[in-house]
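A quick write-up on the structure given underneath.
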Amino acid sequence: MSNLGFLARTALKDSRKNRGKLFMFMSSIILGIAALVAINSFNYNLVEDIDEQALSLMGADLVVNSNRKIPENILDTLATLPGETASEIELFSMAYLPRIDETQFMRIKALEGDFPFYGKLKTEPADAHDIIKNGRYALVDEGMMLQYNLVVGDEIRLGNAFFEIGARLKNTFGAAGITSAFAPAVYISKEHIPVTDLVQPGSLLDYSLFYKLPKDYPIDQWKADRRKTFRNENVRVETLEDQKEDLEEAFSGLNYFLNLVALVSLLLGCIGVASSVFIYVKTKIPSIAVFRCLGMKGTQAFMIYFLQIVVLGLIGVVIGATLGSAIQVLIPMILTDLLPFEVQMGISWKAIFEGVFIGLIITILFALLPLVSIRNISPLRTLRASDDGEQKRDSLVYVIGVLILLSIFFFLWRLTAEPMTGLAFTGGLAIAFLLLFLVARFIMWAVKKFLPKQWNFVFRQGLSNLFRPNNQTQTLLVSIGLGTAVLTTLFIIQGLILENVSGMDAGNQPNIVLYGIESKQNDEVIKITKEHDMPILQNVPIVTMKVEGWKGKSKKEWQADTTQNTRFWAANREARVSYRDTLDKGELLIRGVMPGPPSTSNDSILISVDEGWARGLQVDIGDEIVWNVQGTRMKTYIAAIRKIEFKSMQTRFFVVFPTGVLEEAPQFQVMVTKSPDNETTAKFRSAIGRTFSNVSVIDLQSILVALNDILDKVSYIIKFMAAFSILTGLIVLISSLLLSKFQRIKEAVLLRTIGASRSQILKINATEYALLGSLSAATGILLALIGGYLLAKFQLELDFNIQWIPIFFVFLFVVALTVIIGMLNTREVVSKSPLEVLRKEVG
Amino acid sequence: MEYEAAKDDILQVENLSKTYRSGSNDLTVLQNVSFAINAGESVSIVGPSGSGKTTLLGLCAGLDKPTEGRVKLCGKHIVNLTEDQRAAIRNESVGFIFQNFQLIPTLTALENVMIPLELQGASGVKKISSDLLERVGLGERLDHYPSQLSGGEQQRVSLARAFCNAPKILFADEPTGNLDEDTSHGVESLLFDLNKEKGTTLIIVTHDLELAQKTNRIIKLRGGHVVEDNSTVKAEIQ
């Protein structure tokens, strides 16, 4: 481009009186960029910290883990590894606290050896973690000790054994998930496990082996070479690399979501920029026409304004990136309870560079949409100031539209590393934007078509502002609407999850499960339950067994067959089987007939299985399954396929035997009951805990509290991010209003000149903003309801019951905010004399 | 109306017509207009409102394209040129003065005057422009914005801008239409003085018969046709 210096100088001069206003337009992108940079800075810092801290989080170079005793062949394989070893048994059970007569469901971790090899168990008093090796001492979760006012030296009974609390425990090793929230950890020495008497057939156990390997030992290769062996035996083997991947993956879902919200904020900002630039160009038409008269080429005129937008865009983007780097510090504070370790916050140049790059590209592309029209502004506009609407659609606009979609697609592709996911997200965003645009167009058309002529002037005027030239209906509907949609979806989903879980104990649905009752204890447990006026809703026996073979082949033979694609989880897991002759509530017979007891001992044993389990093993009605029932081989045939509904605390069984087969096998009972209130629950738990050390009482209320806690923490960060969208929408609103201010002042002045009162003008504007706010909020909520329904139905598989009160408040909040900002803007128009306002705005 | 092209014609207009289409309706604003203007001539185009004066000016200056006919400006047929090619001719050879001044509100008086020469990439632009502003009596107001100047002053800035690229032909659309009588006289004197000094061809569209009298030739339009084009029109007006 020739004369670039002149164009740059002219751009600078021309922007002189508009810089403040122009910057306001560009400021819509600041929050979007800030959100993007903040999220990515946090994410990059997290990944960096995961790399640095994974070893001390894992505590070993290799962890081998199974929910049954590690099989001999695996132990032989592991014996070839050099270095130190340690082991752990983890199990869930009730703990009884004699001093305060309370019971608590706990995660017991019984250690042997010098685990952790890296990092350490943090305790209070410090360095007391080794005390468990010196006798019957326990390290008890700090949160639980605070909750029950326990002190070091108190006693805790685990199973049949009493332990002295040796120290408060500040951290644990190994994945915990939601269970840690309602089952706090306690560490003891593995040598005391036998005296607790907690390891029984059917106990929920987890066995781990830990290895400290020589530096540079090629453990990943070693694992890869034996992958099939481990998989066949259903043994999890985790190396440091796996741990890093797991940790990164655990946060990648949240990271995608937060990035998507940040992108929505950025796109909203960009729509604000495009609409502002559109109006800016309109105000510049006379100047551009003069430039053109004086011999400036269309492309030169375009360059003058393009340069202004690029420079201001860059400033906006840099401010956004700086702000983002600053607010990333807040994210770990918000996420503190969800993070496995303290994330070190530092400036992430990669995140800043990416934010600036993507921000600038998308901003410029959006700004180009209105800017390209400058090339076609006729010099004739100097002679005829009329608004000539005869300009043809510029084909460049379509090219830019495609470029915008492509850049969003590449951004999302890069984020999710999946082209199809990137495409789906881009499509979803495009549909959301398109839907809002269409609604806006429809509203404008409908208001224009059906504007009631008999209504009073003030209301008609406010309504007609929605479709008059230079209106901001589309921009505001899209920006405020999308912001509202993000916030409302959040409320809907959070509400649905809690509603679905808490709804589990509605009516006569059970809310307490007692697990691990020995057969001889069953009558006493029933008695205690009845004494508390609680019903026995389910009391079923459980027998543990393993699959040995099916359809004529042993498990080993199936595993050796590389041509089939059986999912071995169904065969490898220890099956917890019950026996009865009828269907349970919440079960549906899909095929076959529920089998009854075999009439003679020579009869075939017929069983019923869950459809998912059958699919996993690729078996159907009539197929043979051979079981190992604690040493006894048992051949069975599938007679029925059932579908199980997991919607209440009722226990569910993948495999059900008929009566008359397993009665003599070692077994334990599960009982399901319903407590009327929390007080009864506490008393009942305590009574059971005192009497039976091995029986675990799991109540829905504690799960609900734990779930609510986690959802609260997650939703906090989501709300934090949604605020960016809402704020961006508001900035777009403010800049749109400032942009149309001159036009509004002219209208208002004219109206005042011909006799309209101050209150009439205020009412006209209030009507317009209230309508804009309501329509935007309603459209956003509608979008959220559709999105929420689809998410609930197809992704989360939840019942779709909406809580309308929070949604109503979102609606009120958005409408009120729109009206307040709109009215603040109108204040200047009505509080000054027409002449003064006009003079100030001219030039 | 017949016309014969002369060697020193700076503007030749041949069978010029302009029709605006609005939906299914056609509105013909100019029909078969032909004339030629010699270099150095001063011509006024007069006629009642809606007679096509401003449309004719726009077509002659290459701001718009005719529906039919040809325009030769400064030796070049401009009708089939691209907008950018016409812009280049305007920048080199044409000056403009508008009724509503058309100054860029965000540029100072001096910066407004400098634009045409800066577009050419010329040197010494500031000196030429400030001399011209001095010449129109605004030497003290170089750094003032249009909003800080009176109407007469704004039109004088616009005169300086029109002459700064030493145009061969100057188009003026109602140059005194927005000014009071005294100010009008001042601007008119400047316009004609500069015209003489620089040897520029001057074409003025005006309602002001007194102003029209001061030009060598008057072309009278009515209903899109040239109804008079000679000094007889001047005599009639007198």
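The sequence lines fix the lettering, A, B, ..., with proteins before strands; numbering per chain opens at 1.
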Could you grab the distance from atom CD of B:Gln102 to atom CG of A:Leu294, nearest 0.5 Å is fine?
10.0 Å
Around atom NZ of B:Lys126, are there more than 12 heavy atoms of other residues, nucleotides or ligands at under 6.0 Å?
no
Between A:Ala289, A:Cys293, A:Ser15, A:Ser287, which residue shows the highest count of heavy-atom pairs closer than 4.5 Å to chain B?
A:Cys293
Might you confirm whether atom NZ of B:Lys168 has over 12 heavy atoms from other residues, nucleotides or ligands at distances under 6.0 Å?
no
What are the two closest non-hydrogen atoms of B:Ile115 and A:Phe291, and how far apart are they?
CD1-CE2, 3.6 Å
Just how far is it from atom CG of B:Asn91 to atom CZ of A:Arg292, taken to the nearest 0.5 Å?
11.5 Å
Need one label for B:Arg161: side chain, backbone, both or neither, based on atoms under 4.5 Å from any heavy atom in chain A.
side chain
Rounded to the nearest 0.5 Å, the CG atom of A:Leu380 sits from the OG1 atom of B:Thr55 at a distance of 8.0 Å
Counting heavy atoms not belonging to B:Glu197, are there more than 12 under 6.0 Å from its CD?
yes
Considering all heavy atoms of both residues, which atom of A:Pro379 and which atom of B:Arg90 are nearest to each other, and what is their separation?
CG-NH2, 3.5 Å
B:Glu111/A:Arg9 salt bridge by N-O under 4.0 Å criterion
no
How about B:Glu68: does its CD atom have over 12 heavy atoms from other parts shown lying under 6.0 Å from it?
no
